[in-house]
Amino acid sequence: MSILEVNNLKVSFDTVMGKVEAVKGVDLTVNAGEVLGVVGESGSGKSVTSLAIMGLINNSTGSIESGEILFQGKNLLELKEKEMCKIRGNKVSMIFQEPMTSLNPVVTVYKQLREVYKIHRPDMKNKCREELITLLAQLNIPDSNAVLNKYPFELSGGLKQRIMIAMAMICKPSVIIADEPTTALDVTTQAEIIELLKKIKDESNSGIMLITHDLGVIAEMAQRVIVMYFGKVVEECSVKAFFDNARHPYSEDLLAAMPENFDGRFQSIEGNVPNLYEEVKGCAYYSRCKKSIEECQKNEPPMVELYNGHKVRCFKCEAIEKGDNK
Ligand SMILES: Nc1ncnc2c1ncn2[C@@H]1O[C@H](COP(=O)(O)OP(=O)(O)O)[C@@H](O)[C@H]1O
Ligand SMILES: [Mg+2]
C-alpha cells in the first residue's frame with residue numbers, strides 16, 4: 001500500500017540569471033515497509049524533490065509550480081504551515097546528508113533531541129530521557145547516557161549521523177527520507193550506518209526513500225528503484241529489474257560506471273548533465289546517449305510502462321519499439 005505518492009511535482013527557483021525548473025514533473029510512490037532507492041547524478045533534482053516532500057521549499061526563491069504530494073491520501077501541498085509542522089519530523093522525517101551542519105554545535109545532544117518531544121510529544125518532554133537512552137542504544141550508540149550530555153562538536157561524524165537518525169526516529173515516522181545519509185562519512189562508518197538503516201527497515205513498517213549514489217547500497221537495501229535525470233524520473237522498476245534488465249540508456253551507463261566493473265580506468269559517463277538554463281526540447285540525455293536517434297532531440301519520450309510497474313522514458317527501448325508492452 002502506498003503511503004506517499006508524488007504526482008507531477010514541479011519545483012522552480014528564482015535565480016539572478018532567471019527562473020529555473022529544478023524538478024520537472026516527478027512521479028513516485030513509497031509503499032509501507034519498503035525502501036525506494038533513488039539514484040541519479042548530482043543535480044538531477046533528488047534533494048529538491050525531498051525538500052518539497054518535507055514542505056521545506058517555501059522560501060523566497062523556491063516555489064512549487066504544480067503537482068501533489070499525497071501522504072496517507074492527504075495532499076501535503078494544501079496544508080497550512082501549522083498543519084505541516086505536525087507532520088514534518090513526526091510522520092514524515094528526513095535524514096540529511098550533512099549531520100555536521102544540521103546539528104547545533106553548542107547545544108547538547110539531549111536538548112536538541114528534546115526539542116522533537118516539545119513539538120510533537122509535549123506530554124513526554126520532561127520524561128524523555130529514559131526513552132532516548134533506549135533509542136540511542138538501539139541505534140548502537142555506546143554509553144548513550146553520556147552521549148546525551150555531549151555537544152555535537154565532541155562527537156565523531158558517524159555518531160553525529162546516528163544522532164540525526166535518532167532525531168528522525170523519535171516519533172516513529174511512517175515515511176523516512178534519507179538523502180545520501182552516508183556521503184559525508186568514511187567507508188567503515190558508512191557500512192555501520194547502512195547496517196543501522198537496514199535494522200530500521202526490518203524492525204519498522206516505515207516506507208524509506210533512500211537517495212544514494214552507491215549502487216551497492218541500492219542492491220542491499222532497496223526493493224524498487226527510480227532513476228532521475230535532469231529533474232525527471234527516466235526509469236522506475238524493481239531492484240532486480242534494475243540490475244538485470246535496466247532499459248534506459250542512462251541507467252545502463254550508471255550501472256556500467258559502477259566500481260565493480262572497474263577496468264583500470266576510471267569510468268564516468270561522458271559529457272555533462274545539461275544546465276538548468278539550457279532549453280532542452282527532446283530527451284535530456286540525448287547528447288550523452290549512445291543509442292539516440294534523431295527523434296530524441298526533437299521530442300521528449302513519454303514514460304511507458306513495460307510490465308509489472310517497470311516504466312521507462314526512452315524511444316530506443318527495444319521492448320517499446322517492438323511493442324512488447326502492448
Ligand atoms: N535554492 C536553489 N536555487 C537555485 N537552484 C537550485 C537551488 N537548489 C537546487 N537548485 C538546483 O536544482 C538542481 C537540482 O538540485 P538537487 O535536487 O540538489 O540535485 P541532487 O540532489 O540530485 O544532486 C540543481 O541544478 C541545483 O543547482
Ligand atoms: Mg542532493
Please tell me whether Glu68 and Asn7 have a donor and an acceptor in their side chains that are separated by less than 3.5 angstrom.
yes
Is it true that atom NZ of Lys160 has more than 12 heavy atoms of other residues, nucleotides or ligands lying nearer than 6.0 Å?
yes
Strictly distance-based, threshold 3.5 Å: is any side-chain N or O of Asn31 a donor or acceptor partner for the main-chain N or O of Ser2?
yes
Short side-chain to backbone donor-acceptor contact, Gln97 and Pro181, under 3.5 Å:
no
More than 12 heavy atoms of other residues, nucleotides or ligands under 6.0 Å from CD of Glu81: is that the case?
yes
Nearest 0.5 Å, what's the CZ-OG1 distance between Arg224 and Thr29?
4.0 Å
Just wondering, do Val233 and Val26 contact through their side chains at under 4.5 Å, heavy atoms?
yes
When you measure from the side chain of Ser144 to the backbone of Leu132, do you find a donor-acceptor pair of N or O atoms at a distance under 3.5 Å?
no
So, taking the atom named OH in Tyr250 and the one named CD in Glu41, what distance separates them when rounded to the nearest 0.5 Å?
3.5 Å
Using salt bridge (Lys or Arg N to Asp or Glu O under 4.0 Å), reason through Lys311 and Asp27 one step at a time and then give a plain yes or no.
CA-CA 11 Å; Lys311 296 180 192 167; Asp27 298 303; over 6 Å; no
Using only atom types and a distance under 3.5 Å, with no angle test, would you say the side chain of Lys46 pairs donor to acceptor with the backbone of Gly40?
yes
Heavy atoms of other groups near Lys199 NZ, more than 12 under 6.0 Å
yes
N/O donor-acceptor pair under 3.5 Å between Glu115 side chain and Gln112 backbone
no
Side-chain H-bond candidate by donor/acceptor type, Asp14 with Thr61, under 3.5 Å
no
So with a 6.0 Å cut-off around CD of Glu278, is the heavy-atom count from everything else above 12?
yes
Roughly how far apart are His248 NE2 and Lys291 NZ, rounded to 0.5 Å?
10.0 Å
Are Val107 and Tyr151 joined in one hydrophobic group, where the rule is that I, L, V, M, F, W and Y side chains link up if heavy atoms are under 4.5 Å apart?
no
Tyr286 versus Val280: any side-chain heavy-atom pair under 4.5 Å?
no
Between CD of Glu252 and CD of Glu235, what distance do you get to the nearest 0.5 Å?
8.0 Å
When you measure from the side chain of Gln190 to the backbone of Gly158, do you find a donor-acceptor pair of N or O atoms at a distance under 3.5 Å?
no
Taking atom types as modelled and ignoring hydrogens, do the side chains of Arg288 and Tyr229 form a donor-acceptor contact shorter than 3.5 angstrom?
yes
Any donor and acceptor pair, going by atom type alone, linking the side chain of Ser251 with main-chain N or O of Arg247 inside 3.5 Å?
no
same_hphob_cluster(Val23, Tyr277) at 4.5 Å side-chain heavy-atom cutoff:
yes
Salt-bridge present (Glu34, Lys201; N to O < 4.0 Å)
no
For the CG atom on Asn308, are there more than 12 heavy atoms of other groups (residues, nucleotides or ligands in this structure) within a distance under 6.0 Å?
no
Between Ile218 and Gly37, what is the shortest heavy-atom contact and its length?
CD1-CA, 3.6 Å
Lys24 to Phe230 six-membered ring, cation-pi geometry met (6.0 Å, 45°):
yes
Verify, without hydrogens or angle tests, whether Asn272 (side chain) and Pro274 (backbone) share a donor-acceptor contact under 3.5 angstrom.
no
Transitively linked via ILVMFWY side-chain contacts under 4.5 Å: Val20 with Val48?
yes
Look up atom OG in Ser50 and atom CG in Leu56, then write down how far apart they are to the nearest 0.5 Å.
10.0 Å
Counting N and O atoms only, with roles assigned by atom type, does the side chain of Thr15 sit under 3.5 Å from a partner on the main chain of Met17, one being a donor and the other an acceptor?
yes
Scan side-chain atoms only and decide if Ser63 and Glu65 contain a donor-acceptor pair under the 3.5 Å cut-off.
yes
Is there a side-chain contact between Glu236 and Val312 (heavy atoms, below 4.5 Å)?
no
Answer yes when Lys198 and Glu195 have at least one side-chain N-carboxylate O distance shorter than 4.0 Å, and no when they do not.
yes
Hey, does Met54 have a side-chain heavy atom less than 4.5 Å from the side chain of Val92?
yes
In terms of side-chain heavy atoms, does Tyr285 have a donor or acceptor partner in Ser292 at a distance below 3.5 Å?
no
So do the side chains of Val147 and Tyr110 get within less than 4.5 Å of each other, counting heavy atoms only?
no
Sub-4.5 Å side-chain heavy-atom contact between Glu21 and Leu276
no
Under a plain distance cut-off of 3.5 Å, with no hydrogens placed, do Asn90 and Arg121 share a side-chain donor-acceptor pair?
no
What are the two closest non-hydrogen atoms of Val239 and Ala222, and how far apart are they?
CG1-O, 3.3 Å
Do Asp179 and Leu51 make a side-chain contact, defined as non-hydrogen atoms from C-beta onward lying under 4.5 Å apart?
no
Quick check for you: to the nearest 0.5 Å, what is the distance between Ile293 atom CD1 and Lys298 atom NZ?
9.5 Å
If only atom types and distance count, is the side chain of Thr49 paired as donor or acceptor with the main-chain N or O of Gly45 below 3.5 Å?
yes
